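Below, all heavy atoms of this structure are taken into account, side chains as well, without hydrogens, waters or symmetry copies. We're numbering straight along the sequence, starting at 1. Since this is a predicted model, take the numbers as computed values, not measurements.
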Amino acid sequence: MTDTLFLQPDALSVNAFSLLCEQSLTLSDYPLAAEAEKNVLIYHNAALLEPVQSDKIAVLSELHRALSTGPGVLVIKGAYPDSEVIERHNRVFDAIFQQEAARGNAGDHFSAAGNNGRIWNSLQKTAEQDAGSFIEYYSNPTLALVSEAWLGPWYQMTAQVNVVRPGGKAQQPHRDYHLGFQENRDVQRFPLPLQLLSQYLTLQGAVAHSAMPLESGPTQLLPFSQQYPGGYLAWRQPEFIDYFRQHAVQLPLAQGDALFFNPALFHAAGNNVTRDHVRIANLLQVSSAFGKPMETVNRLRLLQLIYPALRQRYQNEQLHGAELAALVAAAADGYSFPTNLDSDPPLAGLAPQTQQQLLLHALQEDWNAEYFNQQLERQQRLRSA
């Protein structure tokens, strides 16, 4: 690797890459982890959430280290301990697939169209289909905990469903959004510090909506590969692809488990070599408040759809604390900018009111749906006037 801030492909070294990838993690560095398997940290959901009550900062710090200077990947067993939440969401996915069947096959980023079933923007489409299921699913405090650990507050949740049928082929090894979705000629235009910054703007996650035995092709992972500075240029190079194929690891997942990884980690969905097992995952792509998410989510419409059911649960004290905070973070925009500072000035502080603040205020004041919708639309007009 040269000292230039603008990397060229001829500066890449698979030998330097291999030295990083052939590290071994030290489990004692991650005291909340139950074990490590193939250099992937394994956490148990309850054991991870319990210490949040006494020392949340320590939990956030460990998860961030795991994803940055650690192996770059972790699994949380039982992230969804209630299987009915997953099954209900699967029924919602089935209904969406039926509605979209007339549109034909949806393309995939790193696999040929037709291999997979895709629901783009499953976040918003789930709210449109079943507000109650949306609330149950995204009020998960574990999703919020890992998202905050990597991205801080006000992150932007997006989600896409991936269904891989028997015979579905593996993806190409790759890195993910932002720069992972750009051609090398464009990646080269970004100075190296910006390439390194890119990985801190997105968190990749996947919730297992079916069991994922190894033969069904769960994600192939290359621990520590996120540490290679030139990785956004390297992943298309044949020697790096060969190295990945020789050294990538896979872990089976149970329904309700969650996998999280640094977007700069080299990874690829595997081959489904089963005769009859359909692999289903809800892929979470969580973006920093400071970055542009990959998908456009109409959060005003989403909030209007879920507010009546959310209000009822709040009134009945069925949703509070960490679960309410997780739901609000997943559904509403938490950042004040960009806005129109002429019509939406920061009258009571440094920044105007956010959607999240408006939503919480509406719940606390028990606004009816009509009034909430009016105030939400007014806020949007002020921001875009």
| message | Show the nearest heavy-atom pair for residues A234 and Y228, with the distance to one decimal. | response |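 Between these two residues, the closest heavy atoms are CB-CE2, 4.1 Å.
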
| request: Considering non-hydrogen atoms only, spot the tightest contact between T126 and I96 and give its length. | output: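 Where T126 meets I96 most closely, the heavy atoms are N-CD1, 4.1 Å.
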
| For residues 64-81, which residue pairs qualify under side-chain hydrogen bond (donor to acceptor under 3.5 Å, both in side chains), counting only residues two or more places apart or in two chains? |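 Listed once each, the pairs are K77-D257.
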
| request: Measure the spacing between CG of L27 and CG of D29 and express it to the nearest 0.5 Å. | output: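 L27 atom CG to D29 atom CG measures 8.5 Å (nearest 0.5 Å).
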
Can you confirm if the aromatic rings of [Y] and [X] lie within a centre distance of less than 6.0 Å?
| X | Y | answer |
| --- | --- | --- |
| F266 | H174 | no |
| Y138 | F134 | yes |
| Y43 | Y30 | no |
| Y200 | W150 | yes |
| H209 | F93 | yes |

Enumerate, atom names and distances included, each donor-acceptor pair closer than 3.5 Å involving a side-chain atom of residues 210-221, sequence neighbours excluded.
unit_1, atom_1, unit_2, atom_2, d
S210, OG, V278, O, 3.4
S210, OG, I280, N, 3.0
S216, OG, P213, O, 2.6
Q220, NE2, A269, O, 3.4

| query | When you look at OH of Y177, are more than 12 heavy atoms from neighbouring residues, nucleotides or ligands closer to it than 6.0 Å? | reply |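 Atom OH in Y177 is crowded, with more than 12 foreign heavy atoms closer than 6.0 Å.
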
| said: Is it the case that over 12 heavy atoms from other parts of the model lie below 6.0 angstrom from the CD atom of E50? | reply: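 12 or below, so no.
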
| said: We want to know whether Q304 and E377 form a side-chain donor-acceptor pair, criterion being a heavy-atom distance below 3.5 angstrom. | reply: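 Note: Q304 and E377 side chains meet the donor-acceptor criterion.
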
| message | Do N282 and S122 pair up side chain to side chain, a donor and an acceptor below 3.5 Å, judged on atom types alone? | response |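 Side chains of N282 and S122: pair found under 3.5 Å.
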
| Would you say the side chain of R118 lies within less than 4.5 Å of the side chain of N162, judging by non-hydrogen atoms? |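 Heavy-atom side-chain distance check passes, below 4.5 Å.
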
| Test item: Q23 and Q227 side chains (from C-beta on) under 4.5 Å apart, heavy atoms |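 Yes - at least one pair of side-chain heavy atoms lies under 4.5 Å apart.
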
